[in-house]
> 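Starting off with a structure, shown below.
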Amino acid sequence: MNDNNKINIFTQTTKSAVPNDDEYINTSDGLIYCKKCNTPRQKRVSALGKTYMPDIMCQCQRETYEKEEAERIRREFLNDIAAKRSAGLHDRALYECTFDKDVGYNSQQSEKAYEYTLHFPEMLEKGIGLLLWGDIGTGKTFLAGCIANALLDQCIPVMMTTFGRILNTLTGMFQEDRNGYIDSLNQYSLLIIDDLGMERSTEFALEQVFNVIDTRYRSKKPLIVTTNLTLNELKNPCGLVRSRIYDRILEVCVPLKISSQNIRAINCEANFKEAGNILSHPENDINVT
Ligand SMILES: Nc1ncnc2c1ncn2[C@@H]1O[C@H](COP(=O)(O)OP(=O)(O)OP(=O)(O)O)[C@@H](O)[C@H]1O
Ligand SMILES: [Mg+2]
Ligand SMILES: [Zn+2]
């Protein structure tokens, strides 16, 4: 059988046997090939005594498809991260708290916080969290925000909030809805409560703080807490409810003392200096006529 006959037999079995401008028929096997990558765009399949030649992707079509597919998955992943970040970080200022913006006020603690994110799967399994405690303006919220963003970058669901915000949400809800809301916080792999101790200390507030902490504690999922309270104050609180709250936190959150200077005071000094420079510049003199 010469090559022409061979081609005829094969082309009888497929409807796309006529090559497009970027294709040709390979005379050695009678299949349509891509002119660009010289790999087939058909394959031969035999069934019920007939030979079919369905279309397949040539190598360059497959590469383009895989690239587009990878890009689609990447875009979906980024959209997913953006949605999780917007759901988990209500305060937009927290978007700016990232390890790459850390200028090193708490370098040792920051390293530990970073390591926490690296070992997060283990922390999640063991339900281990952190207790970032220290004076005002030392960088606790910043570090907690860095942890949140690093995990969100990996598409891990994190919620960072305050008891003030939680209590505002719970006020005005019916009891069943409150329980549902508190339970819903467990959908997050990590819950970060910023500023423990700053919430109202009414009986209602303390009861809800206890419910949130106890629900999280019982879920065995990790919790990170930041606070201005000292370790000593957390270990020796006044009142039974506070004792029960702090006792649970101390069991599952590893204490990390944040002991830098007040960074706000440092920033404030730098801002005043900058403002002083601008205002004392001759071209900024205001001529009142
Ligand atoms: N490591 C850091 N690198 C750069 N900026 C930082 C760092 N840590 C904190 N800051 C900045 O310093 C300021 C105070 O930090 P932050 O709000 O985290 O302090 P805090 O300990 O949470 O304070 P408070 O006890 O009042 O809640 C913020 O403007 C924050 O962005
Ligand atoms: Mg703070
Ligand atoms: Zn090709």
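Counting starts at 1 for both ligands and their atoms, following the listed order.
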> Between K84 and I156 (side chain of the first, backbone of the second, donor and acceptor by atom type, cut-off under 3.5 Å), is there such a pair?
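Pair absent, no side-chain N/O of K84 close to backbone of I156.
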> Do me a favour and list the nearest non-hydrogen protein atom to atom 1 (N) of ligand 1 with residue, atom name and distance?
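I find the closest protein heavy atom is D102 OD1, 2.8 Å.
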> Regarding ligand 1, does N106 bring an N or O atom to under 3.5 Å of one of the ligand's N or O atoms?
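So ligand 1 has no N or O lying under 3.5 Å from an N or O of N106.
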> Would you say N236's side chain and N232's backbone share a donor-acceptor pair under 3.5 angstrom?
yes
> Check whether any protein heavy atom sits under 4.0 Å from atom 28 (C) of ligand 1.
no
> Keeping K140 on the side-chain end and V225 on the backbone end, is there a donor-acceptor pair under 3.5 Å?
no
> Regarding E251 and R248, does a basic nitrogen lie under 4.0 Å from an acidic carboxylate oxygen?
no
> Without swapping roles, check the side chain of R44 against the backbone of Y52 for a donor-acceptor pair under 3.5 Å.
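Not confirmed, R44 side chain does not pair with Y52 backbone.
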> Atom 19 (O) of ligand 1: which protein heavy atom is closest, and how many Å away?
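Checking every protein heavy atom, the shortest distance to atom 19 (O) of ligand 1 gives G139 N, 3.1 Å.
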> Would you check the N or O atoms of V103, main chain and side chain alike, for any that come under 3.5 Å of an N or O of ligand 1?
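It does: an N or O of V103 is found under 3.5 Å from an N or O of ligand 1.
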> Which ligand 1 atoms does T138 reach within 4.0 Å, using its non-hydrogen atoms?
19 (O), 20 (P), 21 (O)
> Taking side chain as C-beta onward, heavy atoms only, is V252 less than 4.5 Å from P222?
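SC-SC contact between V252 and P222 ruled out.
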> Return the residue, atom name and 0.1 Å-rounded distance of the protein heavy atom closest to atom 7 (C) of ligand 1.
F142 CD2, 3.5 Å
> Is there a polar contact between ligand 1 and I263, counting only N or O atoms under 3.5 Å apart?
no
> Is any NZ, NE, NH1 or NH2 atom of the basic residue among K67 and E71 found under 4.0 Å from an Asp or Glu carboxylate oxygen of the other?
no
> For atom 20 (P) of ligand 1, which candidate among Q109, E96, K140, K101 provides the closest heavy atom?
K140
> Between T226 and ligand 1, which residue portion shows a heavy-atom distance shorter than 4.0 Å: side chain, backbone, both, or neither?
neither
> What heavy-atom pair brings N106 and S259 nearest, and what distance separates the two atoms?
OD1-N, 3.8 Å
> Which atoms of ligand 1 sit under 4.0 Å from any heavy atom of D195?
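Listed by number with element, the hits are 27 (O).
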> Looking at C146, is its backbone amide N or carbonyl O close enough to the side chain of Y114 to form a donor-acceptor pair, meaning the two atoms are under 3.5 Å apart?
no
> Please state which protein non-hydrogen atom is closest to atom 13 (C) of ligand 1 and give its distance, to 0.1 Å?
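For this ligand atom, the closest protein heavy atom is R264 CG, 4.0 Å.
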> Hey, is there an N, O or S on T141 sitting under 2.8 Å from the Mg ion (ligand 2)?
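For T141, the answer is yes, given that an N, O or S atom comes within less than 2.8 Å of the Mg ion (ligand 2).
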> Would the distance check show the side chain of T39 and the main-chain N or O of Q59 forming a donor-acceptor pair, the cut-off being under 3.5 Å?
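At least one qualifying donor-acceptor pair exists.
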> What protein heavy atom is closest to atom 23 (O) of ligand 1, reported as residue, atom name and distance in Å?
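I find the closest protein heavy atom is G137 N, 2.9 Å.
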> Which is it for N228 and ligand 1 at heavy atoms under 4.0 Å: side chain, backbone, both or neither?
side chain
> Relative to the heavy atoms of I136, which atoms of ligand 1 are at a distance of less than 4.0 Å?
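This gives 25 (O), 26 (O) as the contact atoms.
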> Backbone N or O of T138 within a donor-acceptor pair of the N262 side chain at under 3.5 Å?
no
> Under 4.5 Å between any side-chain heavy atoms of R41 and Y33, yes or no?
no
> For the side chain of S184 and the backbone of Y181, is there at least one donor-acceptor N/O pair under 3.5 Å apart?
yes
> For the Zn ion (ligand 3), which protein N/O/S atoms fall under 2.8 Å? Skip waters.
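Listed by chain and number, the atoms are C34 SG, C37 SG, C58 SG, C60 SG.
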> Note the single closest protein heavy atom to atom 5 (N) of ligand 1, along with its residue, its atom name and the distance in Å.
Y105 CE1, 4.0 Å
> Run through T162, T141, D194 and flag the one making a side-chain hydrogen bond (donor to acceptor under 3.5 Å, both in side chains) with T226.
D194
